[in-house]
**Student:** 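Could you have a look at this structure, given as C-alpha cells, before my questions?
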There are 2 protein chains.
Amino acid sequence: MSDAAPETFDVNSIDEVIHGRIRLGIMAYLSSVVQAEFGEIKTRLQTTDGNLSVHLRKLEEAGFVEVEKTFQGRKPLTRAKLSDAGREAFIRYLDQISALVSQR
Amino acid sequence: MSDAAPETFDVNSIDEVIHGRIRLGIMAYLSSVVQAEFGEIKTRLQTTDGNLSVHLRKLEEAGFVEVEKTFQGRKPLTRAKLSDAGREAFIRYLDQISALVSQR
C-alpha cells in the first residue's frame, strides 16, 4: 500500500513455509548448528517422528534444508542441515518479523 | 529443556491462534488502532471477505478481539478491536518471537 513505510510489517511477505510453528523451530535450530541428527531435532522441538518427518520434507522440497540418510551399523541415521538458500530465506524471514517486533 | 536459557526461542510456547499469518496481521493492525472497520482490515491485509471473517471469528472465540456489528443506514457495518486479553496475549507473543529475532 502507498502509505506503508519500508519497515512496516507486511503479512503477505511472510514465507509460509518457514512461518509454520514446527518448521520455524526446525529452521531456528538448524541455523544455530552445523548439522543435526533427526532425534536431536525431535527432542529439541518435543515433537513426534511423523510430525518432524512431514515438516522436514516440506523444508527439503522448498530447498531450505538438506537431508542426508545413512546407516550407523544397522540403524538408519538421518541428518539435516540448512542449505544456503535456506539460510538466506531464514534471514529474510527474520527481517520481516523484526518489523513486527520493533513496532512495540 | 534444562539447557534452555529463559530468552531462548521456544516453539512450543508460541500461541497458534495468534501465529497464523492472517490472524497475526489482524492482531498487529488492531494493536495500532483504537478500532477498525472490516473493510479497512481487509484492504490492509489484502485478503477476502470470507478469509477475514473466518480468522476474525477465531480471534473473537479466543477472546482476543471484540467484534461489533451495527448498521450504517441499511448497510451492515462490522467493527473490530483488540480486547484487553488480546493485547496481553499479543505482547506475550511478541516477547516470544523476540527471542527468535534476537538470536541473529
Side-chain angles (χ1 to χ4, degrees), chain A residues 1-5 7-33 36 39-48 51-52 54-56 58-59 82 86-104, chain B residues 1-5 7-33 36 39-48 51-52 54-56 58-59 82 86-104:
Chain A
M1 271 167 298
S2 58
D3 63 341
E7 69 277 10
T8 296
F9 173 60
D10 174 17
V11 81
N12 292 302
S13 69
I14 290 289
D15 189 330
E16 282 277 30
V17 175
I18 298 180
H19 190 63
R21 206 174 52 86
I22 295 291
R23 291 192 298 276
L24 184 55
I26 297 171
M27 293 294 286
Y29 185 56
L30 291 183
S31 74
S32 70
V33 295
E40 182 187 341
I41 308 173
K42 194 180 81 168
T43 304
R44 193 79 188 188
L45 302 188
Q46 295 173 274
T47 188
T48 61
N51 208 10
L52 181 54
V54 166
H55 291 298
L56 215 42
K58 195 156 180 179
L59 287 171
L82 229 52
R87 197 166 295 274
E88 278 168 35
F90 189 55
I91 289 169
R92 213 157 43 234
Y93 174 84
L94 292 180
D95 281 342
Q96 288 158 349
I97 214 86
S98 291
L100 178 70
V101 172
S102 67
Q103 76 166 28
R104 281 188 300 181
Chain B
M1 268 169 300
S2 58
D3 63 340
E7 68 278 12
T8 295
F9 174 61
D10 173 16
V11 81
N12 293 302
S13 69
I14 290 289
D15 189 330
E16 281 278 29
V17 175
I18 298 180
H19 189 63
R21 206 173 51 88
I22 295 291
R23 293 190 298 276
L24 183 55
I26 297 171
M27 294 295 285
Y29 185 57
L30 291 184
S31 75
S32 70
V33 294
E40 182 187 340
I41 308 171
K42 194 182 82 166
T43 304
R44 194 77 188 193
L45 302 187
Q46 296 173 274
T47 186
T48 61
N51 208 9
L52 181 53
V54 166
H55 292 298
L56 216 41
K58 193 155 181 179
L59 288 171
L82 229 54
R87 198 166 294 274
E88 277 167 36
F90 189 55
I91 289 168
R92 214 158 40 235
Y93 174 83
L94 291 180
D95 280 342
Q96 289 158 348
I97 214 85
S98 291
L100 177 72
V101 173
S102 66
Q103 76 165 28
R104 281 187 302 178

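So you know, we letter chains A, B, ... as the sequences are listed, proteins then strands, and number each from 1.
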**Student:** Show the nearest heavy-atom pair for residues B/N12 and A/L45, with the distance to one decimal.
**Tutor:**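 Between these two residues, the closest heavy atoms are ND2-O, 3.0 Å.
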**Student:** Might you point out which heavy atoms bring B/S98 and A/V101 nearest each other, and give the distance in Å?
**Tutor:**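 For B/S98 versus A/V101, the nearest heavy atoms are OG-CG1, 3.2 Å.
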**Student:** What pair of heavy atoms forms the shortest contact from B/A28 to A/L100, and how long is it?
**Tutor:**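 Scanning both residues completely, I find the closest heavy atoms to be CB-CD1, 3.6 Å.
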**Student:** Closest heavy-atom contact between B/L24 and A/H19?
**Tutor:**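 What the structure gives for the nearest pair is CD2-CE1, 3.8 Å.
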